[in-house]
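Can you read through this structure? Questions will come right after.
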Amino acid sequence: MKEEFLGYVRPDGTVGIRNQVLIIPGSFEAQKVCEAVRGTVMLNNADLGIGRTPEDRETIARVRAGLGRNPNIYGAVVLGLGEADQKQLAYMRLADDIEASGKPVIRIGENGAGSGWDGIAAASKAAARLVWQASRERRQPVPLSKLSIAVKCGSSDPFSGLAGNPAVGHLFDRVVAAGGIAIFGETTEIIGAEHELVERCVTPAVAKKLMDAVERQEQLAHSIGQDIREMNPVPENIKAGISTLEEKSLGAVHKAGTAPIQDVLDYGEVPTGKGLYFMDSYISHTSVFLGFAASGAPLVLFQLGGGGYDRQTLTGGSAVVAPEMWCTGNPRTAERLADSIDFSAAPVIDAGEPLEQAGERLLQAVLDIASGTMTKSEVIRYIEPLEMYLPGPTF
Amino acid sequence: MDPVRAIRLDPQDTVAAVLADAPAGVEIAAECGDDLRTVTAVEEIPFGFKVALEDVVEGGTVRKYGAPIGRASQPIKAGQLVHIHNLEGIRGRGDLAGTAE
C-alpha cells in the first residue's frame with residue numbers, strides 16, 4: 001500500500017494538491033478575471049463585514065487570507081479596495097499575510113485605484129502572468145505526513161455512524177499517525193457525544209475550550225426557548241431514521257477517529273502543529289468547508305449519509321480552493337448518487353467488508369485524488385455562494 | 001423468510017439498525033461481533049431504522065453506539081420501531097428550559 005502522493009511543495013513547506021491562482025476579494029471584477037483567465041478561482045461572497053463586530057470582521061479577513069495561504073494556491077491577485085473598505089476589514093494586511101507565506105501576490109492598485117473596468121483589465125493581465133508561472137510548477141512525491149485533510153458529514157443517516165464515518169475515522173487515524181493534519185468540526189453535532197472527545201483532549205485547557213464551545217451551543221438553544229430538534233436533526237436525517245441529536249452526534253464523531261485532540265480552532269484558524277484538530281463551527285456545508293480550506297486543508301471530505309435524499313445532487317462544492325471528495329456508507333446512496341460519490345464504504349454494510357479494510361481503501365482513494373485525479377464535484381463548473389461562520393450580532 | 005440482519009455497535013445497546021426493510025412478523029438478527037440477539041418485528045422497520053431489542057419503560061433510557069440517545073416518550077416493546085414518535089432527545093431542550101428534567 002502506498003503512503004505518498006504527488007503534490008505541489010510550496011515555499012512555506014506546505015503541500016498542495018492543486019495549483020490555482022486566487023482572485024480576491026469576491027466581486028464582479030473578480031468574476032470577469034476568472035472568466036478571462038483559466039486556472040483562477042474567486043470567492044463568491046461580497047461580505048466585507050459592514051455592520052459586523054470586530055471579531056467577525058477579523059474572521060472575514062482571516063478566512064480570505066487563509067484561502068490565499070492554502071497550499072492549493074500558487075499565488076494571488078488582490079484587487080484594489082477603497083481606503084475606507086480596507087480599514088473596515090483590517091484588509092491592508094490581506095496581501096501581506098498571503099505574501100508572508102512566500103507566494104507571489106500582485107496588488108492591483110490601492111486606495112480605489114485598480115477597481116472597476118480598469119481593475120478588470122489590470123487584474124486579468126496579472127492573473128494571466130501568475131497562471132503561466134504556476135504552470136511551470138511540477139508535482140513531486142511527498143509522504144502522507146504532508147497531507148492535511150478535513151471532514152464534514154452531511155445528510156446523515158444510520159449508515160453514516162455505522163460505516164461512512166468510521167471509515168473516515170480510520171483514514172484520520174492513519175493521517176495523524178503518519179504525522180499529518182486532520183480536522184473535523186460542527187459544534188452542535190458533538191452535543192451528546194462530547195464525553196468521549198473531552199477525554200481525548202491533550203490538555204485540560206483544550207478540554208475546557210471544547211466543553212465551552214458545546215455549552216455555548218446548547219445554551220443558545222435554551223436561550224431561545226427552542227427544542228434543538230427544531231434545528232437539528234434536520235428533516236432529512238429524521239426521514240432516514242435518525243431520531244435525536246444525541247444519536248446523530250454519536251454517529252458523527254466516529255469520523256474523528258481515535259487520535260488525541262490537539263486543539264480547538266476558531267473558524268478558519270490554521271493549526272500550529274500536527275495531529276487531530278476540532279474547528280468550532282456550525283453545520284452548514286456552505287460554511288464549514290470554506291473554514292476548513294481557510295485552515296489550510298487542500299482536500300475536504302463530504303461524508304454523506306443520503307438516506308433521506310430522494311433526488312440526485314450535483315454541486316461544485318463550497319471550499320473554493322479545495323476540492324470536495326464525496327463519500328458514503330449507504331449502499332442505496334452509493335447507487336443513486338453515483339455521479340457524485342467518489343468513495344463508498346457501503347461494502348461494510350452489504351458485503352461484510354471489515355471497517356479497517358474500507359478505511360484503507362479510502363486512504364488509497366484520497367492519495368489518488370491528492371495526486372491529481374479530479375473529484376466528481378470538482379469537474380462541475382459551479383461554486384456554491386459562500387457564507388462564513390460569523391456568529392456575532394449585526395448592526 | 002430469512003431473518004433480516006441488523007447491526008448494533010455495542011453489546012449494551014437497546015436498539016439495532018436493520019440492514020433491509022423488515023416487514024412485520026419477520027425475525028431480526030442483531031449482530032454485535034459474535035454476540036447475536038434476535039427479536040421479531042411487530043411492525044414494519046424500514047431500512048436503516050431502529051428496532052427495539054428489549055422493552056423500555058416510559059422515560060427509560062434508549063442506548064445506541066454504547067451511549068444514551070434519548071428517553072422513551074411512551075412505553076416501547078421489543079420488536080417495535082423506535083423513532084421520533086416514541087423517543088425524544090434530552091440535550092438542547094430549550095423548550096423545557098426552566099422546568100425540572
Side-chain angles (χ1 to χ4, degrees), chain A residues 157-163 165-166 188 190-196 214-215 217-233 235 237-254 305-308 329-333 346 348-350 352 355, chain B residues 4-10 12-22 29-34 44-52 56 61-74 76 80-99 101:
Chain A
D157 68 17
F159 302 101
S160 302
L162 294 172
N165 289 338
T188 308
I190 61 175
I191 294 176
E194 66 271 43
H195 49 277
E196 189 234 342
V214 171
E215 275 166 25
Q217 279 308 101
E218 196 164 13
Q219 278 308 315
L220 272 176
H222 288 175
S223 69
I224 58 170
Q226 287 281 2
D227 179 348
I228 207 160
R229 287 176 300 176
E230 293 293 327
M231 287 77 73
N232 202 344
N237 305 139
I238 293 171
K239 190 180 168 203
I242 290 179
S243 311
T244 67
L245 178 59
E246 294 93 313
E247 181 185 9
K248 186 175 174 183
S249 296
L250 288 162
V253 298
H254 281 93
N330 183 328
R332 296 185 185 180
T333 302
V348 170
I349 297 299
D350 61 10
L355 265 171
Chain B
V4 169
R5 286 178 60 225
I7 293 186
R8 63 193 210 282
L9 288 187
D10 188 278
Q12 304 299 317
D13 287 356
T14 51
V15 295
V18 298
L19 300 185
D21 294 317
E31 305 158 11
C32 179
D34 295 333
E44 189 198 344
I45 317 288
F47 177 63
F49 282 57
K50 297 177 289 299
V51 63
V56 184
T61 298
V62 174
R63 298 176 66 88
K64 186 182 177 189
Y65 300 115
I69 61 167
R71 67 186 161 213
S73 55
Q74 52 177 267
I76 299 173
Q80 276 185 339
L81 175 69
V82 177
H83 200 27
I84 53 174
H85 61 290
N86 56 11
L87 170 65
E88 62 173 1
I90 301 165
R91 303 292 303 275
R93 292 295 297 273
D95 57 325
L96 303 178
T99 65
E101 287 193 22

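Quick note on labels: first sequence line is chain A, next is B, and so on, each numbered from 1. Please read these numbers as outputs of a predicted model, since none were measured by experiment.
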ask   = Who among A:Asp350, A:Leu162, A:Leu245 has the most heavy-atom pairs with chain B under 4.5 Å?
value =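 Looking at each option in turn, the highest pair count goes to A:Leu162.
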ask   = Do you know which of A:Asn232, A:Ile242, A:Asn330, A:Thr188 has the most heavy-atom pairs under 4.5 Å to chain B?
value = A:Ile242
query = Checking B:His83 side chain against A:Ile238 main chain: does a donor-acceptor pair fall under 3.5 Å?
reply =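 Yes, because the side chain of B:His83 sits within donor-acceptor range (under 3.5 Å) of the backbone of A:Ile238.
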A:Glu194 versus chain B, the contacting section by heavy-atom distance below 4.5 Å =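 A:Glu194 touches chain B through side-chain heavy atoms alone.
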key: B:Glu88 backbone acceptor or donor facing B:Ser73 side chain under 3.5 Å   = no
ask   = At a heavy-atom separation under 4.5 Å, does A:Val214 approach chain B through its side chain, its backbone, both, or neither?
value = side chain
inquiry  = Taking side chain as everything from C-beta outward and backbone as N, CA, C, O, which of these in B:Pro68 sits under 4.5 Å from a heavy atom of chain A? Side chain, backbone, both or neither.
reply    = backbone
request  = Identify which of A:Gly192, A:Gly251, A:Gly307 forms the greatest number of heavy-atom pairs closer than 4.5 Å to chain B.
outcome  = A:Gly251
ask   = Measuring heavy-atom distances to chain A, does B:Ile84 have an atom under 4.5 Å in its side chain, in its backbone, in both, or in neither?
value =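 Answer is both: backbone and side chain atoms of B:Ile84 are under 4.5 Å from chain A.
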Donor-acceptor pair, side chain of B:Gln12 and main chain of B:Asp10, under 3.5 angstrom =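 Not confirmed, B:Gln12 side chain does not pair with B:Asp10 backbone.
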ask   = Judged by atom type as modelled, is there a donor-acceptor pair below 3.5 Å linking the side chain of B:Asp13 to the main-chain atoms of B:Gly66?
value = yes
Chain A contact via B:Lys50 - side chain, backbone, both or neither, heavy atoms under 4.5 Å =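 For B:Lys50, the side chain is the part near chain A, not the backbone.
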key: A:Glu246 side-chain N/O to A:Ala193 backbone N/O, donor-acceptor pair under 3.5 Å   =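 It does not hold such a pair.
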task = Please look at B:Ala67 and chain A and tell me whether the side chain, the backbone, both or neither of the residue comes under 4.5 angstrom of a heavy atom of that chain.
result =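 For B:Ala67, the contact with chain A is made by backbone and side chain together.
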inquiry  = So B:Val51 and B:Gln80, do their side chains get closer than 4.5 Å, heavy atoms only?
reply    =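 Sidechains of B:Val51 and B:Gln80: no contact.
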request  = Between chain B and each of A:Ile224, A:Ile191, A:Leu250, count heavy-atom pairs under 4.5 Å; write down the option with the most.
outcome  =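 That would be A:Leu250.
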task = Identify which part of B:Val82 has an atom lying under 4.5 Å from any heavy atom of chain A, answering side chain, backbone, both or neither.
result =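 Only the backbone of B:Val82 comes within 4.5 Å of chain A.
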ask   = Would you call B:Glu31-B:Arg8 a salt bridge at under 4.0 Å N-O?
value = no
ask   = Between the side chain of A:Asp157 and the main-chain N/O of A:Ser160, is any donor-acceptor distance below 3.5 Å?
value =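 Judged by distance alone, yes, a pair lies under 3.5 Å.
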Part of B:Val15 lying under 4.5 Å from any heavy atom of chain A = neither
request  = Spell out, as yes or no, whether a donor-acceptor pair under 3.5 Å connects the side chain of B:Gln74 to the backbone of B:Leu87.
outcome  = no
query = Looking at A:His254, A:Gln219, A:Gln217, A:His195, which makes the most heavy-atom pairs under 4.5 Å with chain B?
reply =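 The option with the most such pairs is A:His254.
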